[in-house]
Amino acid sequence: MSELALYPLSDEHKMIRDTARDFAEKEIAPIAAEFDESGEFPHKTIQKMGEMGFMGIEVPEEYGGAGMDTLAYVLALEEISKVDASHGVIMSVNNSLYCHGILKFGTEEQKKKFVTPIASGKAIGAYSLTEPMSGSDAGTMKSRAIRDGNHYILNGRKSWVTSGPVADYYVVFMMTDPEKKHKGITAFLVEANTPGLTRGKKEPKLGIRASATSELIFEDCRVPVENRLGEEGEGFKIAMTVLDAGRIGIATQALGIAEAAYEAARQYAVTREAFGQPIGAFQGTGFKIADMKTRIEASRLLIYNAAMAKEKSKKNGSRYSLEASMAKLFASETAMWVAHQAVQIHGGMGYSKELPIERYFRDAKITEIYEGTSEIQRLVISRSEMGLK
Ligand code: CAA
């Protein structure tokens, strides 16, 4: 179910939701467990998603995208994530952390060169902010970019880059003036084959195992000045603005995981019998189902609200950090909680690799961590509410 009385969907929205659902069930569902097990990147299905317009849903058609709105993006991402959270995060990062930032802050030439191949699914984009010693405190990064004539020379080590091992282009944040702290950070667009850039080892992960994550190592990597995104010193604001969009994507990925876990648990509760009745007839299980459903629908409301706030921002430039952080906080904690309950309702079968329930449980955890931990979301929300810094 992805329709609420408060947000009636247009025919176009229903069409993209149904197309994504159909694709996910036919093309992704049969391979999800196998790719989770092997940890292989699902190149073929991601390429097909690109051909269908899912890798740049909000990107205008002139730059290779589908030219739709944020609600369309959320609806499609929810359907993909419901079937496989790995495909979900690859799609989310491509759409919001990569394309959205360049569309918002890039020059015309940068949009043509760095967005078109990615939005049309011919190439993959990634976003690189985190470093081994700076995750939540992103403003303290150590990587340096030093201007040298018409180039910048990039040095440093970046970590936890989603799609790092497979991306063709990266948005990378580096310190250009350490004395200015966060105001000394600058953003760059870097092609994967630039000499001086190497990809580190692929991280072995608990969940979202079919998505590829790695370090990026920069050693005297020369990037032309025309690849700078925005002005020198604007990098931190660009990184934060882009993360607001990214957090709506991760909230949606979490919603998809929660829905999948819930639907499996609901079906099991009405079919599995114990002590002479379906286990859902026991309040201990029935009330879990009630709480799971209620939290999922509350997540959806927060996500659709954040999507609307982002649409508004496209017109008047208003910030939607509060809406995005509330959606991510609530939806990710809901996904973890719902997946936990789904395992419990299934008992031993929830723990078995014969069913996807244990995968939902493993996949849910990362949504409370990446693109800002739950603690960071609480910081953003509380600061916004109290006007304190
Ligand atoms: N939009 C625009 N500007 C923003 C902003 C936003 N959302 N958030 C902050 N800013 C601006 C502030 O207005 C301020 O501007 P001025 O200096 O002009 O006053 C400036 O940025 C600094 O803001 P703060 O003082 O609030 O900065 P802070 O150092 O206290 O940090 C924070 C704030 C919210 C904790 C931030 O550091 C943060 O979000 N940290 C988490 C980082 C994160 O999410 N990392 C995940 C990386 S991606 C990933 O997970 C991997 C992947 O590939 C998926």
Treating Glu323 as the side-chain partner and Asn305 as the backbone partner, does any N or O pair qualify as donor plus acceptor under 3.5 Å?
no

Donor-acceptor pair, distance only, cut-off 3.5 Å: does the side chain of Lys142 make one with the backbone of Met133? no

Cluster membership besides Leu329, Ile/Leu/Val/Met/Phe/Trp/Tyr side chains within less than 4.5 angstrom, sorted by chain and number, is Leu302, Leu322, Met326, Phe330, Ile381

Testing the 3.5 Å rule here: is there a donor-acceptor pair between the side chains of [X] and [Y]?
X: Glu108; Y: Tyr63; answer: yes
X: Ser81; Y: His87; answer: no
X: Thr186; Y: Thr176; answer: yes

Write down the atom of [X], the atom of [Y], and the distance for their closest heavy-atom approach.
X: Ser92; Y: Gly249; value: OG-CA, 3.5 Å
X: Leu154; Y: Ala145; value: CD1-CB, 3.8 Å
X: Ile303; Y: Ala331; value: CD1-CB, 4.0 Å

All pairs passing salt bridge (charged side-chain N to carboxylate O under 4.0 Å, His left out) where [range] contributes a residue, at least two apart:
range: residues 360-370; value: Asp36-Arg362, Glu358-Arg362, Lys365-Glu368
range: residues 268-286; value: none
range: residues 235-256; value: none
range: residues 122-135; value: Glu131-Lys158

Contacts of Arg222 meeting salt bridge (charged side-chain N to carboxylate O under 4.0 Å, His left out) (sequence neighbours excluded), chain-then-number -> Asp148

Those residues at least two apart in sequence (or on a different chain) that pass salt bridge (charged side-chain N to carboxylate O under 4.0 Å, His left out) with Glu232 are none

Can [Y] be reached from [X] by stepping across I, L, V, M, F, W or Y side chains whose heavy atoms are under 4.5 Å apart?
X: Ile185; Y: Val242; result: yes
X: Val270; Y: Val343; result: no
X: Tyr98; Y: Ile208; result: yes

Extract all donor-acceptor atom pairs below 3.5 Å that involve side chains of residues 163-171 and protein atoms in other chains or at least two apart in sequence.
{"unit_1": "Asp168", "atom_1": "OD2", "unit_2": "Ile124", "atom_2": "N", "d": "2.7"}
{"unit_1": "Tyr170", "atom_1": "OH", "unit_2": "Gly164", "atom_2": "O", "d": "2.5"}
{"unit_1": "Tyr170", "atom_1": "OH", "unit_2": "Arg199", "atom_2": "NE", "d": "3.0"}

Distance-only check: which donor-acceptor pairs under 3.5 Å involve side-chain atoms of residues 274-289, not counting sequence neighbours?
{"unit_1": "Thr285", "atom_1": "OG1", "unit_2": "Ile279", "atom_2": "O", "d": "3.3"}

Sorted by chain and number, sequence neighbours left out, side-chain contact (heavy atoms from CB on, under 4.5 Å) with Trp160 holds for Thr130, Glu203, Thr213

Residues at least two apart in sequence or cross-chain that pass side-chain contact (heavy atoms from CB on, under 4.5 Å) with Gln47, listed by chain then number, are Glu51

Tell me whether [X] at atom [atom1] has more than 12 heavy atoms from other residues, nucleotides or ligands lying less than 6.0 Å away.
X: Asn316; atom1: CG; answer: yes
X: Glu62; atom1: CD; answer: yes
X: Lys180; atom1: NZ; answer: no

- Item | Test: Arg17 and Glu78 ion pair at under 4.0 Å | no

Side-chain donor-acceptor pairs of residues 370-380 under 3.5 Å, sequence neighbours excluded:
{"unit_1": "Tyr370", "atom_1": "OH", "unit_2": "Gln253", "atom_2": "OE1", "d": "2.7"}
{"unit_1": "Tyr370", "atom_1": "OH", "unit_2": "Gln253", "atom_2": "NE2", "d": "3.0"}
{"unit_1": "Thr373", "atom_1": "OG1", "unit_2": "Glu375", "atom_2": "N", "d": "3.4"}
{"unit_1": "Thr373", "atom_1": "OG1", "unit_2": "Glu375", "atom_2": "OE1", "d": "3.4"}
{"unit_1": "Thr373", "atom_1": "OG1", "unit_2": "Ile376", "atom_2": "N", "d": "3.1"}
{"unit_1": "Ser374", "atom_1": "OG", "unit_2": "Glu333", "atom_2": "OE2", "d": "3.1"}
{"unit_1": "Gln377", "atom_1": "OE1", "unit_2": "Ser325", "atom_2": "OG", "d": "2.8"}
{"unit_1": "Gln377", "atom_1": "NE2", "unit_2": "Glu371", "atom_2": "O", "d": "3.3"}
{"unit_1": "Gln377", "atom_1": "NE2", "unit_2": "Gly372", "atom_2": "O", "d": "2.8"}
{"unit_1": "Arg378", "atom_1": "NH1", "unit_2": "Glu333", "atom_2": "OE2", "d": "3.0"}
{"unit_1": "Arg378", "atom_1": "NH2", "unit_2": "Glu333", "atom_2": "OE1", "d": "2.9"}
{"unit_1": "Arg378", "atom_1": "NH2", "unit_2": "Glu333", "atom_2": "OE2", "d": "3.4"}

The residue among Phe218, Tyr152, Phe105 that forms ring-ring contact (aromatic ring centres under 6.0 Å, His included) with Phe188 is Tyr152

